[in-house]
Number of protein chains: 2
Amino acid sequence: MSVTQTGEFGLIERITARLGPAAGGRSGAGVLLGPGDDAAVVAAPDARVVASTDVLVAGRHFRRDWSSPVDIGHRAAAANLADIAAMGATPTALLVALCTPPDLEASWVDGLIDGMVAEAATVGAGLVGGDISASPTLTVSVTALGDLAGLAPVTRSGARPGDVVAMAGRVGYAAAGYTVLSRGFRSPRLLVEAYRRPEVPYHVGPAAAMLGATSMIDISDGLLADLGHIATASGVAVDLRRNVFSLPDQLRNAADALGVDPYDWVFAGGDDHPLVATFPENTLLPEEWRLIGSVQVGSGVTVDGKPHAGPAGWDHFRAN
Amino acid sequence: MSVTQTGEFGLIERITARLGPAAGGRSGAGVLLGPGDDAAVVAAPDARVVASTDVLVAGRHFRRDWSSPVDIGHRAAAANLADIAAMGATPTALLVALCTPPDLEASWVDGLIDGMVAEAATVGAGLVGGDISASPTLTVSVTALGDLAGLAPVTRSGARPGDVVAMAGRVGYAAAGYTVLSRGFRSPRLLVEAYRRPEVPYHVGPAAAMLGATSMIDISDGLLADLGHIATASGVAVDLRRNVFSLPDQLRNAADALGVDPYDWVFAGGDDHPLVATFPENTLLPEEWRLIGSVQVGSGVTVDGKPHAGPAGWDHFRAN
């Protein structure tokens with residue numbers, strides 16, 4: 001059955017039915033008023049709310065023949081939840097605006113919603129509202145809200161020369177998976193799955209805020225590009241160390257087979273959504289964090305002291 | 001210059017430059033951290049945040065040959081701010097996810113942003129963040145946040161038999177303007193302008209909450225359709241009085257000229273975004289509110305005791 005056959009209100013009812021207590025009460029604890037009214041009401045315990053929006057466009061951010069609707073729901077939620085975590089906040093709620101071609105199967109929407117709800121549930125957040133419209137282009141716009149629990153937000157502008165640069169989560173895997181899929185392959189599974197569903201270590205975000213992180217960012221446009229944002233906002237230089245990135249055999253082998261420099265995936269791939277933060281030099285970091293570089297006087301981002309020769313990152317208006 | 005020529009980051013810089021203190025400091029007072037980081041931080045003074053999302057798709061919710069980009073910015077903001085007001089809350093912030101065809105003029109985006117910022121400024125809200133992507137379909141997804149100032153949210157479910165139904169703002173004007181434009185005319189100006197830029201009485205929303213409104217809704221799908229949501233959610237019937245809607249001459253004359261029943265615009269048109277609320281019978285209502293009907297035992301929405309024969313409202317997957 002297509003979304004046109006269910007109709008706008010039929011589709012909204014169908015979605016809402018997947019969210020309610022009957023579906024396992026997966027809404028977050030902070031949801032004071034969920035879907036079904038003009039707006040939702042979400043707890044903001046410390047009298048501030050963190051908010052971020054990301055949009056995914058079919059054919060550009062995802063392909064229906066490469067990922068299941070549940071995968072795409074996970075990815076759409078993760079891209080937004082990671083932005084909240086990168087401020088040092090804990091996500092509390094998601095809203096989604098879905099534009100669908102009239103002939104889209106309603107069951108595809110079910111899968112998308114299930115994926116979003118499942119991803120949000122990993123951090124205790126609920127899907128609290130949304131909007132639906134027909135459109136020639138399948139588009140998923142998500143807004144995430146979060147709570148700072150009394151801490152100052154960790155911005156991009158606080159890195160200081162002498163700080164260490166640390167990363168939590170994987171990088172390069174999803175970009176490798178994307179390349180594998182774009183060449184018509186369906187394996188290695190590790191890489192393809194990393195592209196389909198990012199594994200974001202959300203909890204390290206608030207933990208980094210408590211550890212005194214001086215800056216933090218979610219890597220969505222590539223390590224070099226996103227660390228460039230920190231360098232610019234903080235007025236510093238960032239130097240990364242190439243040999244600290246351990247590349248699993250599947251990634252090395254795929255790079256060999258495809259004739260790609262695996263470090264292009266590491267330095268320019270964004271779809272894994274690891275968190276990268278800077279910390280004062282002597283900070284004792286939990287084992288989720290891997291030291292990947294240092295903050296220095298100057299500007300720009302280098303690798304082992306030199307500019308990286310490969311692609312720099314992703315511009316959503318230009319092909320790379 | 002097209003958005004592809006400015007590039008993603010160039011376009012983001014261009015937008016951000018229009019929002020900053022240099023552009024008049026139009027961000028809301030509650031904006032603790034504005035655009036430029038992974039997420040914004042907005043004040044939520046009473047430890048709750050109201051949140052709603054609405055998406056506008058080119059060719060469906062607006063037409064670039066009918067409305068200027070500034071008009072469309074006003075409309076996109078208004079549709080979302082009205083949802084916040086309809087909960088009894090005061091809007092604090094907007095976020096926007098913009099999908100644009102690669103050949104869209106960057107100056108069009110400038111206009112859109114200016115319209116959104118101007119509309120938000122009327123209620124003291126700021127544009128705090130967003131996302132941009134290329135897409136074949138021009139789409140504007142907006143999320144609005146708001147503050148309840150300690151009051152309970154006014155939902156759709158509290159209407160009780162014996163309550164009065166009151167409306168603040170205009171209804172039918174925008175639908176008339178849409179019909180006029182769709183027949184190839186550009187006047188009467190009153191109607192065309194009403195379609196291009198809704199005049200939403202945002203302040204009556206929080207005021208209604210303080211007056212003890214038992215339910216409230218923003219009319220975006222038409223009076224009958226949206227009051228149907230209140231009737232269903234509250235388990236009551238709503239009866240409207242046809243003769244209380246005063247129709248200006250321009251609207252009557254346009255209806256005559258186009259062979260349309262003007263009450264179809266009044267009862268099924270949604271783009272004016274008036275607020276409709278129910279109040280206990282003896283509530284003394286300020287003059288912004290016009291009594292338009294009553295809440296009764298039963299179900300459904302009637303006009304002068306009978307079902308309305310015309311179109312009922314708007315389904316975003318079906319043509320009307």
Side-chain angles (χ1 to χ4, degrees), chain A residues 3-4 7-9 11 32-33 36-55 57 60-61 83-84 86-87 89 93 95-97 99 102 128-137 139 141 143-146 148 153 155-156 216-218 233 315-318, chain B residues 3-4 7-9 11 32-33 36-55 57 60-61 83-84 86-87 89 93 95-97 99 102 128-137 139 141 143-146 148 153 155-156 216-218 233 315-318:
Chain A
V3 294
T4 304
E8 180 182 6
F9 295 109
L11 190 59
L32 306 175
L33 182 69
D37 220 295
D38 288 301
V41 184
V42 178
D46 82 350
R48 295 171 299 173
V49 62
V50 180
S52 182
T53 280
D54 260 314
V55 57
V57 179
R60 184 161 280 269
H61 299 90
D83 280 323
I84 300 299
M87 301 302 290
L95 299 96
V96 58
C99 298
V128 300
D131 190 23
I132 295 173
S133 177
S135 167
T137 307
T139 307
S141 294
T143 299
L145 306 179
L148 284 161
T155 67
R156 299 175 178 183
M216 186 153 50
I217 195 165
D218 151 52
D315 184 312
H316 286 101
F317 288 114
R318 298 200 181 95
Chain B
V3 294
T4 303
E8 180 181 6
F9 295 109
L11 190 59
L32 305 175
L33 182 69
D37 219 295
D38 288 302
V41 184
V42 179
D46 83 349
R48 297 171 297 172
V49 62
V50 180
S52 181
T53 277
D54 259 314
V55 58
V57 178
R60 183 161 281 269
H61 299 91
D83 280 324
I84 300 299
M87 301 303 289
L95 299 98
V96 59
C99 298
V128 300
D131 190 24
I132 295 174
S133 177
S135 168
T137 308
T139 307
S141 294
T143 298
L145 306 179
L148 284 161
T155 67
R156 299 176 176 181
M216 187 154 48
I217 194 165
D218 151 52
D315 184 312
H316 286 101
F317 288 114
R318 297 201 180 95

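Below, chains carry the letters A, B, ... as their sequence lines are ordered, and counting in each starts from 1.
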> Do A/Val41 and B/Leu148 have side-chain heavy atoms sitting under 4.5 Å apart?
yes
> Looking at every heavy atom in both A/Val50 and B/Ala39, which two are closest together, and how far apart are they?
CG1-CB, 3.4 Å
> Are B/Val42 and A/Arg48 packed together at the side-chain level, in the sense that at least one heavy-atom pair is separated by less than 4.5 angstrom?
no
> I'd like to check A/Arg60 versus B/Ser135 (side-chain heavy atoms, cut-off strictly below 4.5 Å). Are they in contact?
no
> Let me confirm one number: the OG1-CG distance from B/Thr155 to A/Asp37, rounded to the nearest 0.5 Å.
5.0 Å
> Side chain, backbone, both or neither: which part of B/Pro153 has a heavy atom under 4.5 Å from chain A?
side chain
> How long is the span from the CG atom in B/Leu145 to the OG1 atom in A/Thr143, to the nearest 0.5 Å?
8.0 Å
> With a 4.5 angstrom heavy-atom cut-off, could you sort out which part of A/Val57 is near chain B: side chain, backbone, both or neither?
side chain
> So which of B/Ala233, B/Ala144, B/Ala97, B/Ala40 has the biggest tally of heavy-atom pairs under 4.5 Å with chain A?
B/Ala40
> B/Thr139 versus chain A, heavy atoms under 4.5 Å apart: side chain, backbone, both or neither?
side chain
> Nearest 0.5 angstrom please: B/Ile132 CD1 to A/Thr53 OG1, how far?
12.0 Å
> For the residue pair A/Ser141 and B/Val55, establish whether any side-chain heavy-atom pair is separated by less than 4.5 Å.
no
> Among B/Ala51, B/Pro45, B/Gly36, B/Gly129, which residue forms the greatest number of heavy-atom pairs with chain A at distances under 4.5 Å?
B/Ala51
> Heavy-atom distances under 4.5 Å only: say whether A/Leu33 touches chain B with side chain, backbone, both or neither.
side chain
> Within the 4.5 Å heavy-atom criterion, are A/Asp38 and B/Ile84 side-chain neighbours or not?
no
